[in-house]
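In what follows, every chain begins at residue 1, and chains take the letters A, B, ... in the order their sequences are listed.
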There are 2 protein chains.
Amino acid sequence: EKIEVAGVAIKADLGRVTLTGLPNKPGVAAAIFAMLADHQILVDDIIQTVVPNGEGGSAVTVSFTVEHSDLADLPPVMDKVLEAVGGGKSTIDVGFSKVSAVGVGIRSHAAVAAVMFRALADAGINIANITTSEIKVCTIVEKADGERALRAIHDAFGLGGG
Amino acid sequence: EKIEVAGVAIKADLGRVTLTGLPNKPGVAAAIFAMLADHQILVDDIIQTVVPNGEGGSAVTVSFTVEHSDLADLPPVMDKVLEAVGGGKSTIDVGFSKVSAVGVGIRSHAAVAAVMFRALADAGINIANITTSEIKVCTIVEKADGERALRAIHDAFGLGGG
Ligand SMILES: C[C@@H](O)[C@H](N)C(=O)O
Ligand SMILES: C[C@@H](O)[C@H](N)C(=O)O
């Protein structure tokens, strides 16, 4: 089937916050993002995964990216977030880029992801995070790999313009 | 600041696959999605989070949703995926809906997320997964909560049409 990728895009210089050990019950995500919104933190993307933790419960991971300019404000805000939530642990990592393949109504993300992720693997670039929408597959990579990742994906989809 | 949500959407009846214990190195994500693409699995969204695992390494979680109609094909394909990757564990859960708030160029996901997640919390609905794009904040909830979640978010953003 025709793979419908029309372009690639990069958003350089993102920071990433990862929250673990959060209670998995209604109100937790609301508390996190209300605090961030109140402090005008510009949140780029949000991802949450959940895995069974072998004790009949589940371990939730919430991760979000922020613009580099907002990173200095984050540490005290994250303290307030954990206080509002009543638990958990927060890690702030810096120096990432978001590199995306952009399509027009991607029918199956598997086909686009297979080509895109193979291109990154062949370039020796590790994928730290993944997020998708109907028109995009986005990867978070180390900032130092960003431009090279963009070119590798661009070439893998046979996009023009060199 | 004005919250730019124009509508809500629901995609009912999704299954979700969660992969843990994967090696975190180039080529792993490529192997997973090449296998899924080869077996024509219709993958909806993909999310990957990573947390430090206290041994200097990192624990990666890859989660993706699939259309209900593809669920029966999944178990043998996931066995092949783990074989191709050389490790890891796969869990298949069924009975989810994806409920989204749709905006026009959302500037800060924090503001939209705060309102949306508060609406779900007030309705007593737990958020299992979260994914975003420039125009959407999407939550995965239990299928039984889907329609109620849609209405709660619709009302929270003051959208018309009852
Ligand atoms: C972890 C968090 O998303 C929680 N499940 C909530 O609904 O708020
Ligand atoms: C886990 C997986 O995404 C791996 N980091 C890769 O780049 O393929």
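How far CD1 of B:I130 is from OG1 of A:T131: 11.0 Å, rounded to the nearest 0.5 Å. Residue A:K25 holds its NZ atom at 10.5 Å from CG of B:N126, rounded to the nearest 0.5 Å. The OG atom of B:S133 lies 7.0 Å from the CD atom of A:E134; values are rounded to the nearest 0.5 Å. Atom CE of A:M116 and atom CZ of B:F33 lie 11.5 Å apart (nearest 0.5 Å). Atom CD1 in B:I47 sits 10.0 Å away from atom OG1 in A:T61 (nearest 0.5 Å).
Side-chain atoms of B:T49 and A:S63 form no donor-acceptor pair, as typed in the model, at a separation below 3.5 Å.
In terms of heavy-atom pairs under 4.5 angstrom with chain B, the leader among A:I46, A:I127, A:V50 is A:I46. Here A:P26 is the residue among A:P26, A:A121, A:A37, A:P52 with the most heavy-atom pairs under 4.5 Å with chain B. With respect to chain A, the highest number of heavy-atom pairs below 4.5 Å among B:I135, B:D44, B:N129, B:T132 belongs to B:T132.
Residue B:K11: no heavy atom, backbone or side chain, is found under 4.5 Å from chain A. Heavy atoms of B:L42 lying under 4.5 Å from chain A belong to its backbone as well as its side chain. Looking at B:L36, both its backbone and its side chain come within 4.5 Å of chain A, counting heavy atoms on both sides. Only the side chain of A:T18 comes within less than 4.5 Å of a heavy atom in chain B; its backbone stays farther off. Contact annotation for B:D122: neither backbone nor side-chain heavy atoms come within less than 4.5 Å of a heavy atom of chain A. Heavy-atom distances place both the backbone and the side chain of A:N24 under 4.5 Å from chain B. Contact annotation for B:T20: only side-chain heavy atoms (C-beta onward) come within less than 4.5 Å of a heavy atom of chain A.
Shown here for B:G27 and A:R118, the closest heavy-atom pair between the two residues is O-NH2, 4.1 Å. Scanning both residues, B:A128 and A:Q48, for their nearest heavy atoms gives O-NE2, 2.9 Å.
Hydrophobic clustering, with ILVMFWY side chains joined whenever heavy atoms are under 4.5 angstrom apart, groups B:V60 together with A:V99. One hydrophobic cluster, built from ILVMFWY side chains closer than 4.5 Å, cannot hold both A:F96 and B:V51; they sit in different ones. Clustering ILVMFWY residues whenever any of their side-chain heavy atoms sit less than 4.5 angstrom apart, transitively, puts A:F117 in the very cluster that holds A:L150. Under the 4.5 Å side-chain contact rule for hydrophobic residues, A:M78 and A:L71 share a cluster. In this structure, A:I32 is not a member of the same hydrophobic cluster as B:I140, with clusters built from ILVMFWY side-chain heavy atoms closer than 4.5 Å.
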